[in-house]
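In what follows, a structure is listed as C-alpha cells, so that the remarks can point back to it.
Each residue takes its place number in the sequence, starting with 1.
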Amino acid sequence: VAWTIAFWVLQHSVYYPIKRSYDPEEILNIIEKEGISQMLLIGNAMALPIVDYLRKSGRKYDLSSLSIIYSTGMVFSSHLKHDLLNYANKAIIMDVLSSSEAFVHSVNVSLPGFDIKETFRPGVPNGVFIVNDKLELVKPGEIGEVIVVRHRRVGAYYKDPEKSAKTFRRLKVAYLPQDYLIVFTGDIATYEPNGEFKLMGRTHEIIDTGGLKVFAPEVAGLLVKHPAVADAYVLGVPHERWGQMVVALVQLKPEYMGKVTEEELIRYCRQNMADFKCPKRIIFTQIPRDPMGKVPIQIARQIAEQALKE
C-alpha cells in the first residue's frame, strides 16, 4: 500500500496483475503492452520466476520502457539482478532496505554493464549502524544488528508495550552526539572495508547448531545458484545433539525433477561454504510462499518435521 501511495503521489498510473497467483507471463505482458516504467519486486521470490520464464519462453519481450526496478522485503541475489538486467537493459535496480519502523534507510543500486554488488550503502549519514549485543560498532567481518537513528521523540506499536520496548529505544551511545530514538531493525549484517554493509538475514533466521551460528538466507542464497534449483528456504529444526539442525526445503525446476538427488545438493553446498553451514537434510517440495513472497515459518516447519518423520 505504501508503495502504491508513493507512485500515486508522484502522479504515476499503478497497474496490478489480475490473477490471484503470481504469473510472470502476465507481468511481462503488462510491462510490454502498457509501457510500464517502474516495477516493484520482492527480491528472489518474484525475480526468479520472471528470469526463468524469459529463459524458457524464447520470446523476446520489449522491456525497454522499464527505467527502475525496485525491490524490498527480501534478499535479491546478485546473479538474478545480472540476469534480469540482461533482459531489461535500460533499467536500473534499486534494492531498498526499509520498514514501517525505520522507513527507507539503505540502498543498493545496480546498473547494466557494471559489476553488481551485494552490499548496501546507508542512505542517511551517521544514521545507520551495525552493533553487537553491547551496542558497540562491529568491525568489518563481524556480525551485528542494523540499527537506525530516528529524529522523532517517540516510536511505538499500538497496544504492544513489550514489542515497542524491544524495537524502539532512546539511548545515548559513544558514536552519537546526544541521545536519540533508535530502531532495532532485526536485520543482521556485516560491514565491508569500504563502509558499506552486507545483509545476512533476520535475527529470527539465525540457526544455532552445535554452538555455531548459521544464517539461513546465506545457505538458501547458495542453493538457488545451483542450475537445478528454482527456490529454497532454510530453517533450523530441533536436534538432540546439536540443538538445531540445518534443513533446506528445495523446489526444483520442472526439467530437473527426479534428476537431482539430496546427496548431490549437499555435496554442492560443502564445495562452496563451511561444512557446519551446510544442510544436514534437503527436502524436495513446493516452497509455500504467500502473495508477498514470504514463507510462513510454521508451515515450513510442519513440512520439514513431517518429511523427517517419514
Original post:
So which pairs with a foot in residues 268-277 pass side chain to side chain donor-acceptor pair (under 3.5 Å), sequence neighbours left out?
Top reply: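 As it turns out, the side chain to side chain donor-acceptor pair (under 3.5 Å) pairs with a partner in residues 268-277, which skip direct neighbours, are Glu218-Lys277, Arg270-Asp275.
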Nearest-0.5 Å distance that lies between atom [atom1] in [X] and atom [atom2] in [Y]:
X: Ile283; Y: Glu305; atom1: CD1; atom2: CD; result: 9.5 Å
X: Gln244; Y: Thr209; atom1: CD; atom2: OG1; result: 7.5 Å
X: Tyr180; Y: Leu171; atom1: OH; atom2: CG; result: 13.0 Å
X: His226; Y: Lys253; atom1: NE2; atom2: NZ; result: 10.0 Å

Subject >> Greater than 12 external heavy atoms within 6.0 Å of Arg59's CZ >> reply: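 Counting neighbours around CZ of Arg59, more than 12 heavy atoms of other residues, nucleotides or ligands fall under 6.0 Å, so yes.
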Original post:
Looking only at side chains, do Tyr157 and Glu101 share a donor and an acceptor under 3.5 Å apart?
Top reply: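 Yes, a side-chain donor-acceptor pair sits under 3.5 Å.
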**OP:** Kindly indicate whether a cation-pi arrangement holds for Arg170 with Phe168, taking the cut-offs as under 6.0 Å to the six-membered ring centre and within 45° of the axis.
**Re:**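 Verdict for Phe168: no cation-pi partner in Arg170.
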Answer yes or no: is there a donor N or O on one side and an acceptor on the other, between the side chain of [X] and the main chain of [Y], under 3.5 Å?
X: Ser37; Y: Ser65; answer: no
X: Gln38; Y: Ile68; answer: no
X: Arg241; Y: Gly210; answer: no
X: Ser71; Y: Ile42; answer: no

Subject >> Lys56 and Glu255: CA distance, side-chain angles, deciding distance, salt bridge (Lys or Arg N to Asp or Glu O under 4.0 Å) verdict >> reply: CA-CA 11 Å; Lys56 295 172 185 175; Glu255 62 269 30; 3.5 Å; yes
Subject >> Heavy-atom side-chain contact between Asp83 and Arg55 under 4.5 Å >> reply: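 Yes - at least one pair of side-chain heavy atoms lies under 4.5 Å apart.
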